[in-house]
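Reading through the structure tokens given below for one structure.
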Amino acid sequence: MSSSSGQPQFRYTQTPSKVLHLRNLPWECTEEELIELCKPFGKIVNTKCNVGANRNQAFVEFADLNQAISMISYYASSSEPAQVRGKTVYIQYSNRQEIVNNKASGEVAGNVLLVTIEGVEAGDVSIDVIHLVFSAFGFVHKIATFEKAAGFQALIQYNDAATASEARNALDGRSIPRYLLPEHVTSCHLRISFSAHTDLNIKFQSHRSRDYTNPYLPVNPSAIEGTLQPVLGPDGKIKEPESNVLLASIENMQYAVTVDVLHTVFSAFGTVQKIAIFEKNGGTQALIQYPDVTTAAVAKEALEGHCIYDGGYCKLHLSFSRHTDLNVKAYSDKSRDYTIPDTGLLTNPQASAVPTASTSWQTNPQAAGTFVSSVGQTAAWDPSKTTFASAAGTFPGQPFVPSAGAPYPTSGLLPTASAGYPQVSQQMPQYGSQPRAGSGVPYVGQPPRYF
DNA sequence: AGCACA
């Protein structure tokens, strides 16, 4: 026979390759056209278009050798030749085993995609929506989002370049379905390229980054809520813009944390204007609005990492919210607006820093008779000066005294050292007496405590 | 219609 194994250039003796050589393509055939032709046979992990003197040749690399074989086999026995724009395309195994990465940056197939979401603000597309969209092509390991001059961008890490390529091929230039987006978003085109990253370094689960391979990664409360544009502080660390509204994440919420509890705690630093409690990512969070940034900053500094109740329960993590004025129901189970006068249910604004016993009773019938405001006149209270010993005695007019039978005699809001459990009141922090909560509020399955 | 290049 004329064919011999010593002539690899002869088509019937070419060794199979994941890479196919296509020729007689229409002039400057696009990658999309190439992919359309080849993708029925398998996952395309790389392409090279417009090669050759006439720019009418191309290479396509499949994820698997068998996929390349199936395409060759199909057209070897097909009565219809492979065609692009009606032009017959001749396909052979390439004499190379892989396409070299000579593409422009961003075209080099990797397992991490760089996705630019055009025409939206970061807050418009949640990381959960991004995860949903990109999970259609395979397990998404990690997502990191950020805002750059180019707009809202996300890095999507898959296990392999093949999966990433498939997602890119399917989604590049497309839009996230409207029903997944806020109503005001009119367009949301995805522009997708490959990142040079292979493994993203996700430090926290947050609204801008996720590691789906590590469910135990700590949640970063400063990044859960809102769409803060990170600001670099003097130390070079990411610093959130200050706000008069604090976002509190409540960790280890063994006991109910109500609006009243939060009001008592946060009133220690100034007038609390509004409170809203909500559930997010399976945890409880709250927004606490002060009249000014300074007060919020003091409260944040003093309360961060402290527990409302002893034993490490209801540990607070505080960050500045992007909100400046909460729009809350004046009086509900989960929210309170203390700035609205004449509701009949609320104390008047001047005295609103601490709810009176009577208002607590109205809202918490079970708590009747148990309310003790341990904070007192907040306007005069300086957390940096108040001493620990002053807890009950410094606040005249307190109608109730601590119950001798209280099962948890120590005060809450102790600083929680990472291994500092259980805690005792002697571990008082530099802030002196801590504001306390819990009074007047029924616990879940626990009797109330007093101070 | 016949194998590319960082």
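In what follows, chains carry the letters A, B, and so on, assigned in the order in which the sequence lines appear, proteins first and then strands, with residues in each chain numbered from 1. All of these numbers come straight from a predicted model, not from anything done at the bench.
Residue contacts shown for Glu98(A) include a base, since a base heavy atom lies under 4.0 Å away.
Where stacking is scored as ring centres under 5.5 Å apart with planes under 30°, Phe59(A) registers as stacked on the base of dA4(B).
Atom P of nucleotide dA4(B) and atom CG of Asn56(A) are separated by 13 Å, given to the nearest angstrom. In this structure, Asn54(A) atom CG and dC3(B) atom C1' are separated by 14 Å, rounded to whole Å. The nearest whole Å value for the distance from the OH atom in Tyr93(A) to the C1' atom in dG2(B) is 17 Å. Per the geometry, CG belonging to Asn46(A) stands 13 Å off C1' belonging to dC5(B), to the nearest Å. In this structure, CD of Gln14(A) is placed 11 Å from P of dC3(B), rounded to the nearest angstrom. When the C1' atom of dC3(B) is taken as reference, atom CG of Leu25(A) falls 12 Å away, rounded to whole Å. Counting to the nearest Å, the P atom of dA4(B) and the CG atom of Leu20(A) are 16 Å from each other. Glu28(A) has its CD atom 15 Å from the C1' atom of dA4(B), to the nearest Å.
The salt bridge (Lys or Arg N to Asp or Glu O under 4.0 Å) check on Arg178(A) picks up nothing, with sequence neighbours excluded.
Residue-to-nucleotide proximity on DNA chain B shows that, of Asn24(A) and Arg96(A), the 5′-proximal contact is made by Asn24(A). The residue among Val51(A) and Lys87(A) whose nearest nucleotide of DNA chain B is located toward the 5' end is Lys87(A).
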Could you pull out every donor-acceptor pair under 3.5 Å between side chains of residues 109-117 of chain A and any protein atom, sequence neighbours left out?
unit_1: Asn111(A); atom_1: ND2; unit_2: Tyr158(A); atom_2: O; d: 3.0
unit_1: Asn111(A); atom_1: ND2; unit_2: Thr198(A); atom_2: O; d: 2.9
unit_1: Thr116(A); atom_1: OG1; unit_2: Gln153(A); atom_2: NE2; d: 2.7

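No side-chain donor-acceptor contact under 3.5 Å links Gln157(A) to the backbone of Asp211(A).
Here Asp172(A) pairs with Arg191(A) in a salt bridge; the nearest charged N to carboxylate O distance falls below 4.0 Å.
The shortest distance between the side-chain N/O atoms of Gln92(A) and the OP1/OP2 oxygens of dC3(B) is not below 4.0 Å.
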